[in-house]
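Just the heavy atoms: all of them, side chains too, but no hydrogens, waters or symmetry mates, feed the values below. This chain uses plain numbering: 1 for the first residue, then up along the sequence.
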Amino acid sequence: TLTLFALFLIYLLPNNNDLKDVKQELEYVNYDVLTHNIFLLDSNNFIAKTSVVIKSTSSIDIATELVEILIIDGKGESNIPSGFKSIIPSDTKINKVSLKDGLYEIDFSEDFLSINKLLEEKMLEALVFSITSVDDINKVKITIEGRELKCLPNSKVSIPSILDRSFGINKEYDITSSKDVES
């Protein structure tokens with residue numbers, strides 16, 4: 001049995017002549033893959049920073065591409081890493097964008113307002129922090145069908161007309177203190 005096994009192994013192993021005929025080719029592929037930081041909803045319902053592959057190179061196009069990724073079932077959904085998800089309501093359309101002096105203005109369709117009350121502040125946080133992560137952009141102005149967004153859609157909490165990173169992210173409030181309490 002051992003002899004048969006040894007013959008079987010010798011039969012299966014290639015001889016040196018067979019190895020000389022094997023050509024080995026290496027192919028180097030150089031892809032210029034661009035990635036950019038984005039802030040998405042993670043599995044714990046916090047806004048968290050991650051990276052996504054993008055195609056754009058100009059500041060306005062990068063910002064717009066990031067916003068498209070933030071839209072649920074949007075064009076960029078396939079770019080979202082595992083464990084993260086978009087937050088802007090699914091039927092939201094981007095009507096118009098502009099960039100001037102570091103201010104990125106974006107006009108959304110009415111569908112933007114159909115966000116869950118528990119996620120409306122997180123949606124703005126993700127939007128502001130994603131857009132302001134782009135070079136040359138440090139402020140965001142949001143309009144809905146040409147009307148300035150002055151308050152959160154459901155809770156009606158007032159927000160500044162021009163948003164920047166001072167808006168905050170993943171805010172926590174101390175409910176044992178009267179600080180930050182509005183009447």
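For residues 51-73, the set of pairs meeting the side-chain hydrogen bond (donor to acceptor under 3.5 Å, both in side chains) definition, not counting sequence neighbours, comprises Asn37-Ser51, Ser56-Glu65, Ser58-Asp61, Ser59-Asp136, Thr64-Tyr104.
Rounding to the nearest 0.5 angstrom, the gap separating the OG1 atom in Thr143 from the CD atom in Glu105 is 7.0 Å. Considering OG1 of Thr35 and CG of Asn79, their distance stands at 11.0 Å, rounded to 0.5 Å. Put simply, NZ on Lys100 and CD1 on Ile137 are 15.0 Å apart, with the number rounded to the nearest 0.5 Å. A distance of 7.0 Å separates CG of Leu113 from CG of Leu149, quoted to the nearest 0.5 Å. Atom-to-atom distance recorded for Thr50:OG1 and Leu41:CG is 12.5 Å, nearest 0.5 angstrom. Atom CD of residue Glu77 and atom NZ of residue Lys85 lie 11.5 Å apart, to the nearest 0.5 angstrom.
Val134 has its side chain within reach of His36: a pair of non-hydrogen atoms, C-beta onward, lies under 4.5 Å apart. Between Lys49 and Phe129, every side-chain heavy-atom pair lies at or beyond the 4.5 Å cut-off. In this structure, Met123 and Pro89 have side chains that are in contact, with non-hydrogen atoms separated by less than 4.5 Å. Counting only heavy atoms from C-beta outward, the side chains of Leu40 and Leu70 approach each other to under 4.5 Å. A 4.5 Å side-chain heavy-atom check between Phe39 and Ile169 finds at least one atom pair inside the cut-off. A 4.5 Å side-chain heavy-atom check between Lys122 and Ile87 finds at least one atom pair inside the cut-off. Proximity of Ile115 to Pro153: side-chain heavy atoms (C-beta onward) are separated by under 4.5 Å at one or more points. Looking at Ile94 and Asp107, their side chains never come closer than 4.5 Å, going by heavy atoms from C-beta outward.
Nearest heavy atoms, Pro81 versus Val52: CD-CG1, 3.9 Å. Across every non-hydrogen atom of Ile142 and Phe112, the tightest pair is CG2-CE2, 4.3 Å. Of all the heavy atoms in Ala126 and Ile47, the pair that sits closest is CB-CD1, 3.9 Å.
Without hydrogens or angle criteria, Ser130 side chain to Leu127 main chain gives no donor-acceptor distance under 3.5 Å. The backbone N or O of Val128 sits nowhere less than 3.5 Å from a side-chain atom of Arg165 that would complete a donor-acceptor pair. The backbone N or O of Phe108 sits less than 3.5 Å from a side-chain atom of Asn95, completing a donor-acceptor pair. At least one donor-acceptor pair under 3.5 Å links the side chain of Ser114 to the backbone N or O of Asp111. A side-chain donor-acceptor contact under 3.5 Å links Asp164 to the backbone of Ser166.
Partners of Glu120 by salt bridge (Lys or Arg N to Asp or Glu O under 4.0 Å), not counting sequence neighbours: none found.
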Review point. What's the verdict on side chain to side chain donor-acceptor pair (under 3.5 Å) for Thr132 and Asn138, showing C-alpha distance, side-chain angles and the deciding distance?
Key: CA-CA 5 Å; Thr132 57; Asn138 51 27; over 6 Å; no
Exercise for review: Before giving the answer on side-chain contact (heavy atoms from CB on, under 4.5 Å), spell out for Ser109 and Glu145 the whole-Å C-alpha distance, their side-chain angles and the decisive distance to 0.1 Å.
Suggested key: CA-CA 6 Å; Ser109 64; Glu145 302 289 343; 3.5 Å; yes
Review point. Where do Ser158 and Leu152 land on the side-chain contact (heavy atoms from CB on, under 4.5 Å) test, with the steps shown first?
Key: CA-CA 6 Å; Ser158 293; Leu152 295 175; over 6 Å; no
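Leu103 belongs to a hydrophobic cluster with Ile162, counting contacts under 4.5 Å between side-chain heavy atoms of Ile, Leu, Val, Met, Phe, Trp and Tyr, direct or through other members.
If you chain together hydrophobic residues whose side chains sit under 4.5 Å apart, Ile38 and Ile72 never meet in one group.
By the 4.0 Å N-to-carboxylate-O rule, Glu110 lies too far from Lys93 to be salt-bridged with it.
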